[in-house]
Amino acid sequence: MTLKLPIYMDNHATTRVDPRVLEAMLPYFTEHFGNAASRTHRFGWEAEAAVDDARDTIAQFIGAGSGKEIVFTSGATESDNLAIKGVAEYYRSKGNHIVTTTIEHKAVLDSCKRLEKQGFDVTYVPAGADGVVSPQSIADALTDKTILVSVMLANNEVGTIQPIAEIGAITRARGVLLHTDAVQGIGKTPFDVEAMNVDLASLTAHKIYGPKGVGALYVRRSKPRVRLTAQMDGGGHERGNRSGTLNVPGIVGFAKACQLLAQDGVEENARIAGLRNRLYERLTSELDEVVLNGSWERRLAGNLNVSFAFVEGEALMMAIKDVAVSSGSACTSASLEPSYVLHSMGLDEDLAHSSIRFGIGRFNTEEEVDFVANLVIDKVRKLRAMSPLYEMHQEGIDLKSIQWAAH
Ligand SMILES: *Cc1c(COP(=O)(O)O)cnc(C)c1O
């Protein structure tokens with residue numbers, strides 16, 4: 001079999017729509033095209049029934065008691081905004097303090113930044129060097145003004161799985177609401193809003209082989225009943241939580257994507273972990289100075305985030321153009337700042353600039369992994385051969401001890 005290039009290994013950024021998801025969606029574009037809010041005819045009823053089925057499927061997938069707890073949105077960025085700003089606004093009279101972490105997605109961090117401008121206090125709890133937030137550090141950050149804690153289920157850069165159940169036990173005991181950005185974790189690590197005492201959870205379809213532009217916010221309806229201030233004014237859709245005509249085909253696809261993971265997720269994750277381990281094994285056995293970023297044990301199956309010391313991540317990505325991956329040295333953004341996640345884990349700047357994130361997913365094969373491993377090993381060797389620092393390192397010179405003339 002010949003390999004098809006380029007190879008996609010950036011499944012934390014987005015995923016290919018599964019053909020079974022697409023097939024489930026198609027009738028809702030042309031045949032059952034009704035507006036789910038049309039109450040006066042069959043077109044509307046059909047659309048509404050499909051949406052309600054999807055609500056139930058998604059609710060069940062995350063252990064929620066009822067489909068009524070699912071608020072559809074345009075994606076997890078919107079869900080994060082709605083959860084954090086919506087809770088902050090509604091509960092402002094109760095307190096003005098929010099606790100989150102330094103490794104959250106920008107949708108959470110920037111929502112918190114906005115609230116700080118409006119007079120809220122936000123505590124940003126750092127993760128440990130292993131990219132895992134300690135429940136105790138969350139407990140220590142709580143005050144009698146805290147109304148909300150927001151900690152992600154799994155990190156999108158280093159794939160570390162956060163102790164949400166332990167944090168949920170703490171927030172529940174203290175009467176503080178818990179939001180989790182569950183985007184990267186659902187279907188990949190156990191997640192149950194009941195068992196974990198989660199009150200709000202952000203989800204998106206396109207990270208789990210569903211379509212882009214559709215997501216959901218789980219909002220607990222009892223014990224406790226969570227209230228939100230809507231961020232979008234309009235027709236009062238989604239029980240007043242999010243106005244706007246629903247993306248019916250997208251919602252149907254989202255539910256299908258959840259159903260496939262509920263059905264095959266365990267097996268799939270084992271297969272993906274096998275591929276990830278194979279890649280790591282090859283890279284570390286044939287190259288020296290490969291540094292794993294983030295905990296190995298508490299990690300998503302498809303995530304491998306490593307720094308190839310003495311090699312610029314950007315340069316390596318250019319050298320492996322046939323492979324789609326991400327680097328911790330964000331030249332995608334205007335800045336040349338390395339990843340704030342790696343930085344907050346205490347990784348030194350050079351190693352952060354040398355990091356590459358491989359995101360293995362459903363459609364990757366062993367053949368692709370072997371191709372990628374061979375290519376990366378070859379290119380890292382070539383780039384290092386041009387590096388005076390690597391040469392000095394090989395000669396046993398301790399680079400940290402050198403006094404550089406200018407820095
Ligand atoms: C991708 C991602 C988001 C944003 O989701 P969109 O649906 O693309 O808006 C939020 N949080 C995490 C952890 C993500 O990986």
Side-chain angles (χ1 to χ4, degrees), residues 8-17 21 58 62 70-86 100-114 124 127 131-133 150-162 164 167 178-189 191 198 200-218 231-232 242 244 246-247 250-251 253-255 257-258 261 294 298-305 324-328 330 332-333 339-342 344-345 357-361:
Y8 189 73
M9 229 176 244
D10 199 15
N11 284 284
H12 300 289
T14 193
T15 56
R16 176 187 300 187
V17 171
V21 168
I58 295 165
I62 61 169
I70 300 297
V71 174
F72 286 114
T73 65
S74 63
T77 298
E78 186 187 341
S79 300
D80 286 342
N81 273 263
L82 177 58
I84 291 166
K85 296 174 184 171
T100 187
T101 83
T102 55
I103 61 166
E104 298 301 308
H105 191 270
K106 283 287 184 193
V108 167
L109 293 177
D110 289 353
S111 293
C112 289
K113 293 259 150 60
R114 169 88 61 174
Y124 300 90
V132 180
V133 174
S150 180
V151 180
M152 68 203 326
L153 176 59
N155 180 265
N156 46 300
E157 287 192 34
V158 287
T160 47
I161 296 164
Q162 306 302 323
I164 297 300
I167 293 168
L178 174 61
H179 166 251
T180 186
D181 177 332
V183 166
Q184 294 286 344
I186 55 160
K188 296 158 192 177
T189 182
F191 182 58
V198 169
L200 302 112
S202 299
L203 313 170
T204 194
H206 78 98
K207 307 282 175 84
I208 55 168
Y209 314 98
K212 292 168 190 57
V214 60
L217 181 65
Y218 159 75
Q231 301 297 301
M232 190 92 81
R242 199 275 190 178
L246 291 176
N247 172 359
I251 288 166
F254 185 5
C258 290
L261 272 174
R298 300 187 59 96
R299 178 182 290 266
L300 296 173
N303 180 281
L304 183 63
N305 188 314
V325 293
S326 279
S327 153
T332 43
S333 71
S339 145
Y340 65 88
V341 171
L342 296 176
S344 78
M345 287 162 54
R357 179 187 70 183
F358 299 91
I360 297 173

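Counting starts at 1 for both ligands and their atoms, following the listed order. Just so you know, these numbers come straight off a predicted model, no measurement behind them. All residue numbers in this chain count up from 1 along the given sequence. For the numbers below, each heavy atom of this structure counts, side chains included, while hydrogens, waters and symmetry mates do not.
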J.: Side chain to side chain donor-acceptor pair (under 3.5 Å) with Ser150: which residues, sequence neighbours excluded?
T.: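 With sequence neighbours excluded, Ser150 shows a side chain to side chain donor-acceptor pair (under 3.5 Å) to His179, given in chain and number order.
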J.: Say whether Lys212 and Thr14, considering side chains only, have a donor N or O and an acceptor N or O under 3.5 Å apart.
T.: yes
J.: Any chance you could lay out the side-chain contact (heavy atoms from CB on, under 4.5 Å) test for Ile186 and Ile208, step after step, and finish with the verdict?
T.: CA-CA 8 Å; Ile186 55 160; Ile208 55 168; 3.9 Å; yes
J.: Mind checking what makes side chain to side chain donor-acceptor pair (under 3.5 Å) contact with Ser111, not counting sequence neighbours?
T.: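 Checked Ser111 against side chain to side chain donor-acceptor pair (under 3.5 Å); matches are Asn81.
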J.: Run the salt bridge (Lys or Arg N to Asp or Glu O under 4.0 Å) test on Asp80 and Lys106 for me, step by step, so that the C-alpha distance in whole Å, both residues' side-chain angles and the decisive distance to 0.1 Å come before the verdict.
T.: CA-CA 9 Å; Asp80 286 342; Lys106 283 287 184 193; over 6 Å; no
J.: Under 3.5 Å, N/O to N/O: give me all the pairs between ligand 1 and the protein, one per line with atom names and distance.
T.:
{"residue": "ligand 1", "atom": "7 (O)", "partner": "Ala76", "partner atom": "N", "Å": "2.9"}
{"residue": "ligand 1", "atom": "7 (O)", "partner": "Thr204", "partner atom": "OG1", "Å": "2.7"}
{"residue": "ligand 1", "atom": "8 (O)", "partner": "His206", "partner atom": "NE2", "Å": "2.8"}
{"residue": "ligand 1", "atom": "9 (O)", "partner": "Thr77", "partner atom": "N", "Å": "2.9"}
{"residue": "ligand 1", "atom": "9 (O)", "partner": "Thr77", "partner atom": "OG1", "Å": "2.6"}
{"residue": "ligand 1", "atom": "11 (N)", "partner": "Asp181", "partner atom": "OD1", "Å": "3.4"}
{"residue": "ligand 1", "atom": "11 (N)", "partner": "Asp181", "partner atom": "OD2", "Å": "2.6"}
{"residue": "ligand 1", "atom": "15 (O)", "partner": "Gln184", "partner atom": "NE2", "Å": "2.7"}
{"residue": "ligand 1", "atom": "15 (O)", "partner": "Lys207", "partner atom": "NZ", "Å": "2.7"}

J.: Tell me, please, which residues at least two apart from Ser74 pass side chain to side chain donor-acceptor pair (under 3.5 Å).
T.: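 Here the qualifying residues are Glu78.
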